[in-house]
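In what follows, chains carry the letters A, B, and so on, assigned in the order in which the sequence lines appear, proteins first and then strands, with residues in each chain numbered from 1. Note that the coordinates shown come from a computational prediction; the quantities given were computed from them, not determined experimentally. Just so it is clear, the values below take in all heavy atoms, side chains as well, and ignore hydrogens, waters and symmetry mates.
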Amino acid sequence: MDPVASSQLTESLVKRLAGPSTGKAGLAKDQTEINRIIAEASKGSKFYENEKKKDKDLTERIARILKLRGEAIEGVDLTKIEHHVDKIIIDLENERDLSQVIVHFDMDAFFANVELLHNPTLKGKPFSVGGGVISTASYEARKYGVRSGMPSFIAKKLCPELILLRSHFEWYNEESNKVFTILRRYDPRLSAAGCDEGYLNITPYLQKHNLTPGECVEEIRRTVHAETNLTVSAGIAPNMMLAKICSDKNKPNGQYHLAFDSKAIIDFMGDLSIRKVPGIGRVNERLLESVGVKTCGDVYTHRAVLYLMDKQFGLRFLLRTYLGIASNEVKPYERNERKSIGAERTFPPLSSTKDMLDKLEEVAAELESDMESSGWIGRTVTLKFKLDTFQVFTRAKSLNHWVNKKEELFAVGKELLFPELPTSVRLIGLRVTKLKDLKASTSEGIKRFFGPAQQATSGSKRKASDIDEDEADDASVDQEEHDSDDDVMPGFHEQDEADIDPSQHDVDDDEELQIIQPLANIRKRPPNSVPGTSISHQLTLRSRSKSAGPSRSHGAAIAEPSTTTSTPSETHTCPICNEALTSNNTSLNEHIDYCLSRDAIKQAQGTSTKGNKVLSSGDTTKEYALNGFKRLKLRPDPPVKSKRKG
DNA sequence: GCGGATCAC
DNA sequence: TATGGTGATCCGC
Ligand SMILES: Nc1ccn([C@H]2C[C@H](O)[C@@H](COP(=O)(O)OP(=O)(O)OP(=O)(O)O)O2)c(=O)n1
Ligand SMILES: [Mg+2]
Ligand SMILES: [Mg+2]
């Protein structure tokens, strides 16, 4: 039975309820039936109501985008714009670098297969790992539609024989470390991107051993299996984005080698769902679909509209995905890339102030412990809370001094929480940003030459230190044996300095990317770093109705007065010259004609400045490539409340 | 600097 | 009955 036809459910809501992890490896037989069961099980819950609201908001946002599109294309000569975009494509094509062999490795059903090592009798059975929410499922369970992020009670409905296992993070860390250690034999620059995946640039290794990429990757995968009894899949391609997409192609326990050829790559991308592109999630998938873009190839078809709506969609990002162009710089995570550290906890909704403060205190203690053992202090504290309606809010406060003590974390959290009361919350969290590294080897600038930085420093001045002070006093630095490693993957902390080349080579997309890239330029031929790509633009048409404050009731959220779209003079930014425009159609068209007629293109690209936020938006590269894997937080397995049986 | 959103794993 | 935790980034204010 069709869940949409048989009720007032919309297609988008049914799909949303099915979760973000659909379309992953391990196909299911009848997704419609699965979605029906999920929607059925969800209906009426607070979670469901919240999802429904989010879906409605998104639908409205799409309506605004379509309206904008209608206005933008009215009377415009699309052919002319297409020609212009074709020129941009030629420039982008020149960024293409096929010289490096990049491989992305991703462990198969990672948590599940690690569990299998400890309990082989589960082999071949449908089982999942997690708690109330499933972290991952065995491939047998996936056939039933069980997947990451799904609540266990729904998974049970989909697969009554499903075996639910609790997590053992120490085990996953252990295996993860083993695997990464193996991978580093083939390229010490391994870029870990999560606990179960990472990138290698095997170009030098291939040369030295006179191997083909396929042979080499088979060998690596064989070795991983031999030494861990775990299977891994891999993708071989000229850059990280493509390699990641490819590693999914022959999952599980397979590999895929993309031809290193411009046309072959474009063909490959042509049919590919845009949702497969790292950075395009459920929301952006829907937004793009609304303007006809479902595959990467559709980007080309709709290039004129995407050009006109560059602010909403990010033309250059999309063109790169269409072309299959992305960064190929593989480098390890560095400790100083960390931006925040936090802890949060979900519990049955609480309304009493005392109960909430108790939770806050627990979270503060846990955060203190983590900050202490990993060697960080920070000066901005952010409280996060989720109402029993599932609406999430954050409240932040920046301080003049460094904090990491539970008493102060708790005090600040309390201060941030009180104005929100009374309310009923199901989650409380604390996060600290503006970090300072207590383990940094002396002040930045001078790097240490030898040995792991022992904490030295005396300090111990207690109490608030001025943040201007460069040396980290305060925050007793007294961990020693406890260590258990820090939050950085073992390996090298700092390979060496190397000159930092501040001159970005970016054509136009400016911005960050590799401010610091220690190893890359040691190589004689530094891999081309394509500026990157970013979904960035979260298509914000100005009108995220600010929703009501947390204390207000859920349904009451009325779009606040003005600020909403519809105001006839939307401002646009001309993607050619970056000039701000008023979207009066005639003037917009005239302007575009003008820009197209003069050969302003090169000039614009050369001079593009920060003014242009959209195109700029840095590089999502980081999201899937530069992210180091910080060890999974080990926490004692939660007390198993034995179910009944008594 | 803050808060909401989106995304990945 | 019942929908996780950690960290990053981007955008508009
Ligand atoms: N929402 C999620 C997604 C993943 N994970 C954890 C469990 C996974 O085992 C691990 C790796 O994530 P993957 O996306 O690589 O998924 P799997 O390795 O489980 O399966 P696949 O074979 O598809 O890679 O991260 C999680 O806890 N919560
Ligand atoms: Mg995996
Ligand atoms: Mg993975």
Side-chain angles (χ1 to χ4, degrees), chain A residues 17 19-21 24 38 41-42 45-48 50-51 54 57-58 61 106-107 110-111 130-136 148-157 167 169 172 192-197 244 277-285 287 311 314 337-348 363 366-367 370 379-380 382-384 386 390-398 416 426-427 429 431 433-434 487 511-512 534-547 549-550 563 613-614 616-624 626-633 635 638:
Chain A
L17 290 168
S21 284
K24 290 275 190 161
I38 295 173
S42 301
S45 67
K46 295 202 160 135
F47 178 85
Y48 171 88
N50 189 248
E51 292 298 298
K54 287 199 283 187
D57 291 349
L58 182 52
R61 192 167 154 199
D106 189 303
M107 305 300 294
F110 184 54
F111 290 6
V133 169
I134 287 169
S135 286
T136 198
S148 296
M150 176 179 285
S152 300
F153 79 93
I154 288 181
K156 268 287 193 184
K157 280 188 168 43
S167 310
F169 294 106
Y172 316 143
C195 68
D196 88 323
E197 60 188 86
K244 176 155 177 68
V277 175
I280 306 275
R282 287 192 292 169
V283 170
N284 283 303
E285 177 188 30
L287 293 173
K311 184 165 174 48
E337 292 173 32
R338 182 187 266 263
K339 305 277 187 307
S340 75
I341 181 168
E344 66 191 53
R345 205 61 46 212
T346 292
F347 38 76
V363 166
E366 187 176 319
L367 181 52
D370 289 349
R379 54 172 288 255
T380 299
T382 301
L383 170 76
K384 173 179 173 181
K386 190 190 285 183
F390 286 87
Q391 288 174 291
V392 175
F393 299 89
T394 59
R395 298 289 180 262
K397 179 173 166 117
S398 289
L416 292 168
R426 70 183 334 271
L427 172 148
R431 181 161 295 275
T433 52
K434 309 294 172 53
D487 50 355
E511 264 273 82
E512 34 193 29
S534 165
I535 254 326
S536 54
H537 5 272
Q538 320 283 30
L539 328 215
T540 21
L541 295 210
R542 70 214 348 158
S543 80
R544 276 133 193 253
S545 35
K546 279 182 51 166
S547 100
T563 68
K613 311 179 173 159
V614 176
S616 74
S617 50
D619 225 347
T620 311
T621 287
K622 299 200 173 186
E623 282 182 19
Y624 59 94
L626 301 186
N627 267 351
F629 162 56
K630 296 147 208 89
R631 317 167 64 84
L632 296 173
K633 223 168 132 172
R635 65 183 65 268

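- Salt-bridge check for Arg345(A) with Glu366(A): passed, with a basic side-chain N closer than 4.0 Å to an acidic carboxylate O.
- Between Ser398(A) and dC2(B), a side-chain N or O to OP1/OP2 separation shorter than 4.0 Å is present.
- Between Lys244(A) and dC9(B) there is a side-chain N or O to OP1 or OP2 distance below 4.0 Å.
- In terms of phosphate contacts, Lys386(A) brings no side-chain nitrogen or oxygen within less than 4.0 Å of OP1 or OP2 of dG4(B).
- A sub-4.0 Å separation between OP1 or OP2 of dA8(C) and a side-chain N or O of Ser340(A) is present.
- Leu427(A) comes within 4.0 angstrom of the backbone, heavy atoms only, and of no base.
- Between Asn284(A) and dC7(B), a side-chain N or O to OP1/OP2 separation shorter than 4.0 Å is present.
- Nearest to the side chain of Phe47(A), among dT6(C), dA8(C), dT3(C), sits dT3(C).
- Residue Phe153(A) contributes atom CZ, which lies 9 Å from atom P of dT1(C) at whole-angstrom precision.
- Candidate nucleotides dC2(B), dG7(C), dG1(B) were compared by shortest atom distance to the side chain of Lys434(A), and dG1(B) ranks first.
- By the 4.0 Å N-to-carboxylate-O rule, Arg282(A) lies too far from Glu285(A) to be salt-bridged with it.
- In summary, the side chains of Arg431(A) and Ser340(A) do present a donor paired with an acceptor at a separation below 3.5 Å, with no hydrogens or angles considered.
- Between Tyr172(A) and Phe111(A), the ring planes lie parallel to each other; the angle is under 30°, not in the 30° to 60° tilted range.
- Residue Ser42(A) is classed as a base contact, given a heavy-atom separation below 4.0 Å to a base.
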> How far apart are the C-alpha atoms of Lys244(A) and Glu197(A), what are their side-chain angles, what is the distance that settles it, and do they pass the side-chain contact (heavy atoms from CB on, under 4.5 Å) test?
Replying inline: CA-CA 9 Å; Lys244(A) 176 155 177 68; Glu197(A) 60 188 86; 2.9 Å; yes
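- Atom pair Phe110(A):CZ and dC9(B):C1' shows a separation of 12 Å (rounding to whole Å applied).
- An OP1 or OP2 oxygen of dT6(C) is reached within less than 4.0 angstrom by no side-chain nitrogen or oxygen of Arg431(A).
- Between Arg395(A) and dG4(B) there is a side-chain N or O to OP1 or OP2 distance below 4.0 Å.
- Between the CG atom of Leu287(A) and the C1' atom of dC11(C) there is a distance of 14 Å, rounded to whole Å.
- The side chain to side chain contact (heavy atoms under 4.5 Å, CB included) test applied to Ser42(A) returns Leu17(A), Ile38(A), Tyr48(A), Ile154(A), not counting sequence neighbours.
- Side-chain proximity of Thr394(A) to the nucleotides dT6(C), dG4(B), dC2(B) is greatest for dG4(B).
- One can place NZ of Lys311(A) at 8 Å from C1' of dC11(C), the figure rounded to the nearest angstrom.
- Across all strands, Lys46(A) comes closer than 4.0 Å to no nucleic acid atom at all (heavy-atom distances).
- Looking at heavy-atom distances under 4.0 Å, Ser45(A) makes contact with a base.
- Whole-Å rounding puts the Leu383(A) CG to dC2(B) P distance at 13 Å.
- Listed candidates were dT6(C), dA5(B), dG12(C). Nearest to the side chain of Arg61(A) is dA5(B).
- The separation of dT3(C) from dA8(B), taken at their P atoms, amounts to 24 Å, rounded to a whole angstrom.
- Side-chain N/O atoms of Arg338(A) include one lying less than 4.0 angstrom from OP1 or OP2 on dG7(C).
- The side chain of Val133(A) approaches dT3(C) more closely than any other nucleotide in the set dT6(C), dT3(C), dC9(B).
- Taking only side-chain nitrogens and oxygens, Arg426(A) comes nearer than 4.0 Å to OP1 or OP2 of dG4(C).
- For the pair Arg282(A) CZ and dT3(C) C1', the interatomic distance rounds to 12 Å; values are reported in whole Å.
- Not counting sequence neighbours, the partners of Lys397(A) by the side chain to side chain contact (heavy atoms under 4.5 Å, CB included) test are Leu399(A), Val412(A), Glu415(A), Leu416(A).
- Distance from the side chain of Ala396(A) is smallest for dG3(B) among the nucleotides dG4(B), dG3(B), dG5(C).
- Whole-Å rounding puts the Lys339(A) NZ to dG1(B) C1' distance at 17 Å.
- One can place NZ of Lys157(A) at 11 Å from P of dA2(C), the figure rounded to the nearest angstrom.
- Distance from the side chain of Arg345(A) is smallest to dG5(C) among dT9(C), dG5(C), dG4(C).
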